[in-house]
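This report concerns only the one structure given below.
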Amino acid sequence: MLSDRNMATSSVISGFYKLQPKERLAIIKDFAGLTEDEVRLLENTGSLPIDVADHMVENVIGVFPEPMGIGVNFQINGKDYLIPMATEEPSVIAAASYAAKMVRDGGGFHTSSTAPVMIGQIQVVKIKDGETAKKQVLDAKVGILKKANDQDPVLNSFGGGAKDLDARVIETTMGQMLIVHLFVDCRDAMGANAVNTMAEAVSPMIEQLTGGHVYLRIISNLAVKRLAKAWCTVPKEAVGGETVVDGISYASAFAAADPYRAATHNKGAMNGIIAVVLATGNDHRAIEAGGHAYAAFNGPYTSFSKWVKNKNGDLEGSIELPMAVGLIGGAVKTHPIARIAMKILNVKSANEFGEVLAAVGLAQNLAALRALSSEGIQRGHMSLHARNIAVTAGAKDAMIDLVAERMVKERKVRVDRAKEILDELCTKQ
Ligand code: NAD
């Protein structure tokens with residue numbers, strides 16, 4: 001099947017998807033000049049068996065392992081949580097744990113959330129008159145919702161399903177469009193498949209009602225009806241004194257007013273949120289897209305968390321963002337490690353899960369702002385980063401810490417310096 005292909009240079013591989021992972025790997029080995037050791041590393045899929053991976057996505061040749069650690073000290077609504085976090089970035093898990101401890105001193109995190117309602121969008125084009133088409137759809141609401149709900153009796157049995165709809169007329173470069181929004185309560189599912197199925201099912205009805213043509217039928221990741229909120233009070237003593245409280249408040253005001261800063265401020269919160277979303281096999285792109293779109297929902301892009309000093313001089317923080325996560329669906333049940341992560345997290349509903357994620361985001365944001373407002377981010381970051389640099393330079397076992405410590409002390413965290421230190425230490429041995 002593959003004999004006529006120039007194995008060494010062409011990326012056109014007809015029927016690649018039909019091959020077994022081992023066969024695909026043989027082709028990639030040839031293409032990229034992989035060594036036997038590299039092939040063996042790819043073949044060693046550890047706790048995610050290759051046949052499971054092969055059913056999860058397409059064209060599988062191996063798996064990509066990432067460290068998973070546990071965020072400790074979290075207390076949310078009076079309940080203690082251990083937070084599984086998968087990330088490649090040093091200091092994220094330590095920072096979240098440290099911030100959770102500070103917040104614990106002030107009574108822990110408090111959270112709330114809306115019902116788990118997602119929006120399915122149906123794009124109707126080539127309509128004669130937008131307002132007339134809108135009325136035609138709204139008048140047929142009961143029938144459209146019934147058609148949507150017929151698609152998912154399981155979701156209905158859990159109390160979810162299509163609950164309402166709305167329609168908007170928008171002006172575009174391609175003329176007027178009617179955008180129908182289906183509001184679907186997804187209960188403990190993230191809901192993209194459920195919502196997309198419903199949106200597709202009701203589209204012929206909408207075309208018939210409006211005389212228009214439906215193109216897109218897809219969930220919106222700007223999940224403004226599925227929001228999670230977390231807030232906390234951190235005693236000034238726990239955060240490092242009133243000057244640090246002031247620094248964090250100034251940092252928050254900076255992020256609220258300046259999109260350049262807001263992007264990094266929000267990225268800091270996402271460091272924690274995405275690590276948990278990843279560990280649990282949920283869709284982290286949906287959370288990133290939703291969070292950032294929400295941050296620009298009411299005007300220019302801004303921060304989705306804020307910190308202020310209260311009248312006692314303590315720090316008060318809050319965060320609110322869309323949280324489209326599930327306890328079922330996607331890879332949540334198929335990935336063996338995601339199942340274990342869920343067990344460790346011990347949440348009973350998608351809402352509780354979303355609220356925990358909001359608390360993690362707030363903790364991560366606090367840790368970053370505290371470091372930035374006091375000693376600077378590099379001190380904590382660099383000592384962990386130095387270990388990675390030491391490994392890159394070839395350090396192993398006990399040498400990793402020895403090389404890393406020297407580089408941090410010298411404030412020269414660079415691969416060339418790591419190599420010099422490593423050579424020096426090895427010669428001494
Ligand atoms: P899914 O279809 O696998 O599972 C949802 C279904 O599970 C429900 O429709 C329901 O029938 C059933 N179910 C059983 N118990 C339930 C309970 N307690 N609560 C709710 N439903 C229950 O998954 P999904 O959540 O519909 O879709 C998630 C997947 O869709 C993710 O993998 C995501 O990556 C993917 N996706 C995302 C987008 C996007 O975000 N834009 C687009 C397409 C696909």
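All ligand and atom numbering here is 1-based and tracks the order in the structure.
- In this view, Arg285 and Asp283 satisfy the side chain to side chain contact (heavy atoms under 4.5 Å, CB included) rule, not counting sequence neighbours.
- At a heavy-atom cutoff of 4.0 Å, ligand 1 is surrounded by Asp152, Val154, Leu155, Phe158, Cys186, Arg187, Asp188, Ala189, Met190, Gly191, Ala192, Asn193, Ala194, Asn196, Ile219, Asn221, Asp283, Ala286, Ile328, Gly329, Gly330.
- In this structure, Thr334 and His55 have side chains that are not in contact, with every pair of non-hydrogen atoms separated by 4.5 Å or more.
- Among residues two or more places apart in sequence or in another chain, the side chain to side chain donor-acceptor pair (under 3.5 Å) test is passed with Asn44 by none.
- For the pair Met342/Phe353, a side-chain contact is recorded, criterion being any heavy-atom separation below 4.5 Å from C-beta on.
- Between Lys348 and Asp188 no salt bridge is recorded (no basic side-chain N to carboxylate O distance below 4.0 Å).
- For Tyr81, there are no ring pair (Phe, Tyr, Trp, His ring centres under 6.0 Å) partners two or more places apart in sequence or in a different chain.
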